[in-house]
Each structure stands twice: as structure tokens, then as C-alpha cells.
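Each remark here refers to the structure printed beneath this line.
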Amino acid sequence: MNDEPEVIRRSADELLAGLNEQQTEAVKYYGPALLIAAGAGSGKTRVLTRRIAYIMGVGGVWPSQILAITFTNKAAAEMKQRLETLIGPVAQRMWVSTFHSACVRILRRDGDRIGLKSGFSIYDTADQQRLVKIICTEMNIDVKRYTPRSILARISDYKNNLQDWRTQLKEYAPQFKPGQRNLKMGSFGNVEELYACVYAEYQYRLATANAVDFDDLIMRTVELLHDHPDVAAYYHHRFRYILVDEYQDTNHAQYVLVRELAGVDDKLTPEPGAVGAGKNGPAWITVVGDSDQSIYAFRGADIRNIQEFEKDFPNAKTIMLEQNYRSTQTILDAANKVISLNPGRKPKKLWTALGQGDKIIGYAADNAQQEASWIATEIARLAGEEGFSYADIAIMYRANAQSRSLEEAMINAGIPYQLVGGTRFYERREVKDAMAYLQALANPDDDVNLRRILNVPKRGLGARAEAVLTDYAGTHQTSAWEALTHLDAIEGVPTRTAKLLGQFRDLMIGLREFATNNDAKPSEIVAEVLDKSGLLAELQQSTDPQDQTRVENLSQLQSTAAEFEQNTPDATLNGFLETTALVADSDQLPDEGEDTGKVTLMTLHTAKGLEYPVVFLTGMEQGTFPHSRSIDNESELEEERRLAYVGITRARQILYVTRAAVRSQWGQAAEMMPSQFLDDIPADLIDWKRKETSTEKMRGGWGDFDDDDEFSGFEDFGGSSYGSKSYGSGSGWGSGSSYGSGSSYGSGSYGSKSYGSSRGSRSYGSDYGSKSYGSKSYGSGSSGSGRNGKVTTKRMKKQLLDSLTSAKKKASATGSASAAESSSAGGNGLNVADFHEGDRISHDQYGLGKVVGVQDKGRNSVITVDFGSEGVKRLLLRVAPIEKL
DNA sequence: CTGCAAATCCTTTTT
DNA sequence: GGATTTGCAG
């Protein structure tokens, strides 16, 4: 125990310094269950970290007895960092982690009790979909009617609500036995039966593949704790204080998990005279959240968890934090008004001492491009004249698809930016392929990943070869890998296929041996896989320009692995796989206080928890925000409104709201009406730089719609009345009482940053060598600040813009005009009879060509055209974008 | 079995 | 506008 790191125990005075009354009360509160209802910008992370330090410093509790849960790795890392300044380096080894990593950790330790072998795989969405698709095909399910996506959504619902597949099966399909394979069901009595069967089969396959999905991480941990009291007892004994951040985003499963971990339902009683939670009673719980910022209902979050906290936990206490330290009063007034229109919420009103501040600035553009370029101009002005740094500015939007026009405008204006989110680095095809190899090496039974790489890179093993393995696996109730190892025993395999399968098997055996011998060196395993599998070679030999970026991504993957190795004391292949499986968008955001010199672009969801001096809320249109899919659903609209509230409250000093009259979605232009949220903001708070768009001016009317102020009576509900309940008797924290147990902290260092942070982020601008892995940095090395020197030449801009359009095909040269006229509803009116060998035609993509062949097949007539350097193409006449010359 | 071009979905939001 | 699936030819 001598190497126990030093723990700083701070005094109450130190820990309460600079806090307001409510914050102080929250830090000190002595009791089994505390809800801190923390409005936006009310300093909740501060309160949470101080409370942890207080529990330790004043309550004499060991760091190992505390469990703090967040939703993102980024939040966890930040909390650790802040804790470190309060209590010392021991903070880095505390259980401060996300729900998901905490569960992984628990399952790695005791998962064998519920049938999980160590080294289990964690399936991401893509893996899940592959698996469900396989099952649907085998079950003869019409995937047009029941898409894997929708089936998975249902399965996710089951899991978030802890509905076991056995229960579902018993109720809706008692005759179904998972794992029988020969099930050509085809028809189901009803939908529930179908869902139940797929769910059961899905779980069966996961089990044989020794894999879990995201939702399983929570549900199966609950199962473990619930069914194995000795395991539960271990954690009850260990965690005496549990703190949960963003409690409004918890789903039912997570709620139950917290209860299980705390032992709330286990009739535990504290020893007589216990101080705090004592040694034996249920753990004491602190949750922090804001029901107005609940924006994850679509993912199963249940807002009732926070709304009914006081009912759920005996002797619960609620403390409201309503003083905002972030924004101006103008911004808060707007936010308060918007959120006040949600019915049935606990009234709450943020206030600030920071003063009125500037008006909100509004701008109505004619289209998305104009909106974006106006924003770019405005940003240049802010940076040039108002002295803001680019890093002070964030642009937010409802859906990722909106980022493109904004990116283009930034590039055109030479403004450095960083885009957060979009397609995940680990979801990129080539990266996923490489990871599938690693996964299959770590866990041989992982069918989904093994089948994925069977023919990647191309090695002549197609559907037939795969069927050889799956048939054997099916009849022998085993995995595809097992089938592969019994290859010689399988009859009727064509010699050629057998040979190729044998080669693949030997490849995997060789790689696995390498992996076992180099378990602590994931980066070398990655290198070996890339090399021996031929994955890298295939891409390097390719002429497709996109494959070059793929090669870069793969080398980046290797760097990420190397970085993981360096930062993790006891690195293993499994550890690496785990970390990469649990990364989130927000993980790639820069650290607090780090000046990246770049404007940040991200979705509103990703922006939750962040703050910027200047915020642009873009796409404020009906159908964009609120999103069209939520517009006719009352509860979803309420969630959109909360999202608007989140967006508005991100701004510290200046808030912009912008909209476009025309926005194209799926390549089709659509006219957009102003968002209802714009009307919800009191008109005198907005200074419109341009209120009407061109077409609206011509029509001479705006705001014909909805002027209904019928809800305005809601506004004054009074922000008082809460938090006035008298609270617990004095302090009660005995001093110094010491508990023995807490010596060993878990070893694996989770949540440490940087690796994991990889996302397919694009970023363009100044700093090259910065440590942002997984994010490409375009642009010159020099700092591209607005005025000192245009570092971006026209040519570079062109390159950057091209790189946005993921280097599609070879279309670039000719594809200038037309595309619009190519297909006039179901045919281009061309007639086979008009085409003969030797005719010259023009193709939108390939340019000029000469007809070298004509096949008259009626509707499906085909002409063969020689496009010279572009090659000889066979075109379906009916749809080909061509013109006879 | 592979490669290519056309057709067909799309999109909320994410651990 | 873009990624993925389908359909066909060699």
C-alpha cells in the first residue's frame, strides 16, 4: 500500500469558496439521495467535482469508494482533470467513466457468470445491421417491409426497457426455438411474433459469437448484478457514493443499473451510527441534470427518471441551480421564453448577473449557400473588427447534412474551421475492415466480423464459399471459424474454393499467432494485419483517387493504435478494441481552454454541454428545425423545443439565428418557412439584419401564418417557489472516520483522451502538427487569421472544395452542365432505331463517344459506346444521360 | 465471381 | 447529392 498515490483532502472552506448559496448547499448536502436540478450554465460540473472532493475531504471517504458516471468519454476525462486539481493525481485512477465503459469493465471482470467469455466483441450499429440482415434472409423476412433498421430499433427498445428475449418469446412465439437455423418461416401470425423471433435469434447469434451490442452492455450488466448477489455485493461494498451526470438522458435500463449498483432495492441497512453511507447501507446517490435539456428520447432516454426522482428514491432532496454564469440576460430571456412553451414542465427560470448584453442577431437568407456565406462574412468581421478568436465561435445545425454548405463557405472565405461529427472514423469502410480483422483475431467466434473479411480484400471467396461455412456452422451449431477449421471434413466443396478457404484459414492462424505473441502491441498487430491480409496492397494499387485517402486512414489507424499503446500502461489488443468501440462525436472536441484557432461546426446534439462566446444557430426553418419528422408529433416537438433551448443557451455573448428560404434536401430544392422557434423568441430581443427574403419581399407578406399568442399567459409562472423546502439538519458529515477497504483502484485507465477521439472530422486551417488524431488537417501551415495575408490561394481553395466532394468517379472533367434534363420522368425519349454503329453521341459524364454496337431489346435496349480514354461503356438507352449529335 | 452502371433508398439527433 | 443495393455481362 505504500505506493498508494497521495490523496489531497481539502477542507470545507476551500471547497466551498466562491460558490453561491444553492451550489454550497448542493456540495454539502448530507443524505442518501440528491437531485441537483442544474439549469444551463449554472456550474454543475463545478458543483459535482467539488461535491466529490467534499465527500472525500470532509466525509473521509476513499476515492475508490466513489463512482461517477457521465455520458461521454470527453465529459469523464474533463471531470477527472478537474478533480485532479482538487484531490490530486489519484483522480486519474478513479471510476469516473461513462455508463458504457463502466459496464464493460464490470462485464470483463465477471461476465463469465452470465456466459460471456473474456475478449467478447462489442458490436456497433453496422455489425448489428449485418447480423439482423443475415437473420432476416434466413427467416425469409421481407426486408422491404421490415427493415433491419426498424427491427433493431425495436430490439433496442426492448433492451432499454430490460425486456428479456425469453419473456418476449414466451408471450408471442412460444413454439420458436432460437438457433435451429432450418427455419424458413416466411410468415408470422403478427408483428410481435416476428419481432420476438428475430430478437431471440439475434441474441442467440450474439451469444455464439461471444458478442454484445451497445444496449447489451447495460442490460447484461443489470442481469449480472441482479442474478448474482455475490457480484452485486462486491460492488455494493465497493461503491458507497454514486454520482450520475446528465441524469435526464438516462433510459430505464440505466436507471435500474444505478439502483442495482447502489443496492437501493436490496434491503441493505447501514451499520448503527454509520457516517454517511456507512459500510453496509445502500450507496448514496447524487444525480445532476436538467429536464429542459433532455434531448435523447429517441435513444430511449426517459425524462421521467429525473422528473420522478423524488418518488423513486426515499428521502430524496432536490436543489435547484438557477443562477447562470454563462450568458447575457437577453440570451436567457429568449431561452426561457422558448422553453416555457413546453407544457407540463416544472417552472424554472434562469437568471444572470452578467447584464443585458447585445441583442440577438437575425438573418433571413434566400438559400442555404447565401446563409452560409453571410455567416462566413460575419465571422470574418467578428474576428477582424471585434477581436474574437475563431475558436470563440461555433456554428450549429440540426442535422449533419447541413454542414456541407457551411463548410464550403468557410473554405471560400479562408476561415479555418473544424467539423465535429459526420461519418465516424471507425465507421469508414477501410477502417472497419481492418478492425474486423482485429476483432476476428481477438474473438474467433465472431461470425459477423469473420464473414465481413472473408472476401476483403477480394480473394475469390464469394457467396458460395460463405455458404459452405455457414451451412456447416448451422448444422453443427457452431461458428463459422469452427467450420473453417474443419474444412477438410466438409464434403462437396469445389477444389478451388477449398484451396482458397484453406489459404484464408492459414492467414488467420498466422495472424492470430502474431497477435497472441504481440498482445501488448496493438499497433504492430495492425501493421501485420494490413500487410499480410493484402488490405493495404489492394488500396495502394488502386487507381481510384478515393483509395488514397483510405490508405491514409489506415495509416492513421496505426498511429492511433500506437498512441493507445503509449498512453495505456497495460495495453492489450482487447483494450484497444474496447476503446475504439466506445468513442463518441464529442470525444474529438478540443480540451477546455485550448485555443484551436478554428471555428467549430457541429450538430446541436453534439453541442450539449459546451459554450461559446459566439453561437450561430442555423437552419431555423420549419422542417429543418424543428425537423420535419417531429413536426406533427407533440412529444417530439417538445424535444425539438428543448433542443432549441440547448442551442440558445450555448451562447455566452452573441447569438445569431439564421434561416434560408430555400434549402435543398436530397438534391431537391424546397421552400422553407421560418421556424416556429423564431416566433417564440420575443420580437424585441432580435435585431434582424435582413428579415425578409427576396421572394417574400416580392410577395409583400411575411408572417401571415400563426400569430397565435394564446400561450403567452404561460410566461409568468414565477421562478421562485422551488428549492424552498427546508433541508437536512446541519452537516452530519463526521470528520475523519476512516474506512479500510478502499485500497485497490481498478487498473485499466479508461477515458484517457486522444485515441478514441478519432472521428472522421474534417478540419481546415492553421495548426498542422497538433495532436488531433483521426482528424485530417487541410490547409496551409501558417495561421490563416482573417487579415494578415491571404494564405489560401485560389488553387488551394479549389482543392479543398473538391475534397469535400469525396473525389467522386472520374466525373470531374465533363460533368459541368446538365443532369437536370437527363431523366424526364421514366425515360429520355430516345429510340433504338435512331442509333447505328458509327454514330457520335455525347454523354454527360464520359463526354464524346462513338457508337460501336446496338442491341435492340425493346425497353431494355442497350448501346455500346467507345468513349476513347474513358473506355467502352454499355449503356441502357432508356436511362442513359446521352444526346445524339 | 467480379466489375460496372443504374436505381434506390435516404436522414434526424448517438453511447 | 451521396452511399448502398440491384441487375446484368463477361
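Proteins come first, then strands; the chains are lettered A, B, ... in the order of their sequence lines, and each starts at number 1.
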Scan A:Glu636 against the nucleic acid and name what it touches under 4.0 Å (heavy atoms): base, sugar-phosphate only, or nothing. base

Side-chain N or O of A:Thr125 versus OP1/OP2 of B:dT14: is the shortest distance under 4.0 Å? no

What contact category does A:Arg149 fall into here, base, sugar-phosphate, or nothing, at under 4.0 angstrom with non-hydrogen atoms? sugar-phosphate

Tell me if the aromatic rings of A:His605 and A:Tyr296 count as close, with their centers under 6.0 Å from one another. yes

Any A:Arg496 side-chain nitrogen or oxygen under 4.0 Å from OP1 or OP2 of B:dC1: no

Please figure out whether A:Glu466 or A:Ser630 has its closest DNA chain B nucleotide nearer the 5' end. A:Glu466

Side chains of A:Thr603 and A:Asn400, donor plus acceptor under 3.5 Å: no

Salt bridge or not for A:Glu621 and A:Arg663, using N-O below 4.0 Å? yes

Do the side-chain N or O atoms of A:Asn400 get closer than 4.0 angstrom to the phosphate oxygens (OP1, OP2) of B:dT11? no

On the six-membered ring of A:Phe214, is A:Arg299 placed so that its NZ or CZ lies under 6.0 angstrom from the centre and within 45° of the ring axis? no

I'd like to check, for A:Tyr296, whether its ring lies over the base of B:dT14 with centroids under 5.5 Å apart and a plane angle smaller than 30°. no

Does A:Thr603 place a side-chain N or O at less than 4.0 Å from the phosphate oxygens OP1/OP2 of B:dT14? yes

Across the strands shown, which category fits A:Ser664 at heavy-atom distances under 4.0 angstrom: base, sugar-phosphate, nothing? nothing

For A:Lys133 and C:dT5, is the shortest distance between a side-chain N/O and OP1 or OP2 below 4.0 Å? yes

A:Asn455 side-chain N/O to B:dT2 phosphate OP1/OP2 under 4.0 Å: yes

